[in-house]
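Read the structure below first, then the notes.
Letters A, B, ... are given to chains in the order of the sequence lines, protein chains preceding strands, and every chain is numbered from 1.
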Number of protein chains: 2
Amino acid sequence: MPKAVDPIQKRSEFVAASWDVIAADGLKAATLRRVAAEAGCTTGALTHYYTDRRSLLVDALRAAHYQAGARMMDAAKGTSSHGARLQAVLLEALPLDAARMREWRVWLAFWAESMTDAELAKENARRYAEWRQLLEDLIRPLMRTRAEAKRELAYVVALVDGLGLRLARHVSNDRMLGDEQRECAATLVRHLARFEAA
Amino acid sequence: MPKAVDPIQKRSEFVAASWDVIAADGLKAATLRRVAAEAGCTTGALTHYYTDRRSLLVDALRAAHYQAGARMMDAAKGTSSHGARLQAVLLEALPLDAARMREWRVWLAFWAESMTDAELAKENARRYAEWRQLLEDLIRPLMRTRAEAKRELAYVVALVDGLGLRLARHVSNDRMLGDEQRECAATLVRHLARFEAA
DNA sequence: TGAGTGAAATAACACCGGTTATATAACTGC
DNA sequence: GCAGTTATATAACCGGTGTTATTTCACTCA
């Protein structure tokens, strides 16, 4: 019988290596050789688990969404009111620390690529629909009608995307980043203040 | 004496060709050969006007910002109130027609690239500062204090970026795009409704 | 312990990119 | 019309990429 290796574990290592490379040097730097080296092996091992470069990237994108989704579920725990829960989830979405900043840089790279790659676009659209659904469920109890909830959903999704984009677009290691992170968080909190009363 | 050619005109042709390629197939497709072919000539002509591929791309990014800036100045004309002027400029920023959608796709491609290219990041930061300054001047008369204007600035910039990003991320030729464009415009207008009274 | 299996490494292939150098063409001004 | 200058085309070079094939390795289990 063969060597005992957990393929799921192995794949997640390659995915994490992809994230590191993409966050550091962009999607174009995520070559098979580079990702394999980052994971501590050669392309032979990589191609053993991923037939294509694209399949690796699609998996990396999906895993990034899942990881973020899990974090948001955690953030929702431990909140009492509906308003507090929405705020906790949305704040968790912003790139306010190094880990989430890495995630946003990966997303931004994939969003650009999705414009010209149907497979990545489909994967991205699926995960985005889930994210919108999660938010809608959080918003619904705060609004009178379903239509109002839809409107507020479009509002906060754009707000979070715009704030996250602003932070992610920064050059890495910028000294002013901390200030901007606080300002973005404050902008989001201020918008959500209207729900505190409810 | 040499052949009479307007270098500025020639450069703008290459820039426009770059936009077409980037909007259609992404930044990675904007090779020297492809851009030259799109402009109807060979790489020899291109390298005659741009020493590097990067210098071409930097110029394409700068030109995209200038073109958009000029359009917004035009949009500001013919408005009477401060609130109407702000709304006109912000609506002009959204990708609500094919031309502006192409621009947004170019921007999104460059934003992703800017994360790992210091020169593009610098160019982008400069133009973005100008855009923020323009908006701040439009917002200031609508607010009581400078601090309030700053807060509102962060708000609307994030909103426009988020809405534009949502539209730009769409796969091209999507049938539902028109609906989403209307929803995004409505979301922006609804936010600005608070200034109508002022 | 020794096949036999899958995991991983190595290497070759064909292709395409930016860059650079060289050759050709086109036009201006005397 | 002719020399000179620039604009443009052509082509070669080198490095790097995804993919694929082949080889070597390491472990499991009879």
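- Across the protein-nucleic acid pair, A/L46 atom CG and D/dT17 atom P stand 14 Å apart, rounded to whole Å.
- Looking at heavy-atom distances under 4.0 Å, B/T31 makes contact with sugar-phosphate atoms alone, never a base.
- Residue A/K28 places no side-chain N or O under 4.0 Å from the OP1 or OP2 atom of C/dG17.
- Between B/R127 and B/E123 a salt bridge is recorded (basic side-chain N to carboxylate O distance below 4.0 Å).
- Because its NZ or CZ atom is both nearer than 6.0 Å to the ring centre of B/Y128 and within 45° of the ring axis, A/R169 counts as a cation-pi partner of that residue.
- Distance, B/L32 CG to D/dC14 P: 19 Å, rounded to whole Å.
- Ring-centre distance between A/W107 and A/H65: below the 6.0 Å cut-off.
- At whole-Å resolution of the value, CD in B/E13 and C1' in D/dA7 are 13 Å apart.
- Taking the six-membered ring for Trp and the full ring otherwise, A/F195 and A/H82 have centroids separated by 6.0 Å or more.
- In this structure, the OH atom of B/Y50 is 13 Å from the P atom of D/dT8, given to the nearest Å.
- As a whole-Å value, the separation of B/R11 CZ from D/dT8 P is 13 Å.
- Checking C/dA8, D/dA9, D/dT8 against every side-chain atom of B/K10, the shortest atom distance belongs to D/dT8.
- Side-chain to base pairing of A/R33 with D/dG18: one donor and one acceptor N or O lie within less than 3.5 Å of each other.
- For A/T43 and A/A29, each mapped to the nucleotide of DNA chain D holding its nearest heavy atom, the one lying further toward the 5' end belongs to A/A29.
- OP1 or OP2 of D/dT8 has not a single side-chain nitrogen or oxygen of B/H48 nearer than 4.0 Å.
- To the nearest angstrom, P of D/dG16 lies 13 Å from CZ of A/R34.
- Annotation: of the two residues near DNA chain C, A/T47 and B/R53, the 5′-most nearest-nucleotide partner is A/T47.
- B/D25 has its CG atom 12 Å from the P atom of C/dG17, to the nearest Å.
- The side chain of B/Y49 contributes an N or O atom lying less than 4.0 Å from OP1 or OP2 of D/dT8.
- A salt bridge between A/E103 and A/R100 is absent, with no side-chain N of the basic residue lying under 4.0 Å from a carboxylate O of the acidic one.
- Protein atom CZ of B/F14 is 14 Å distant from nucleotide atom P of C/dG18, rounded to whole Å.
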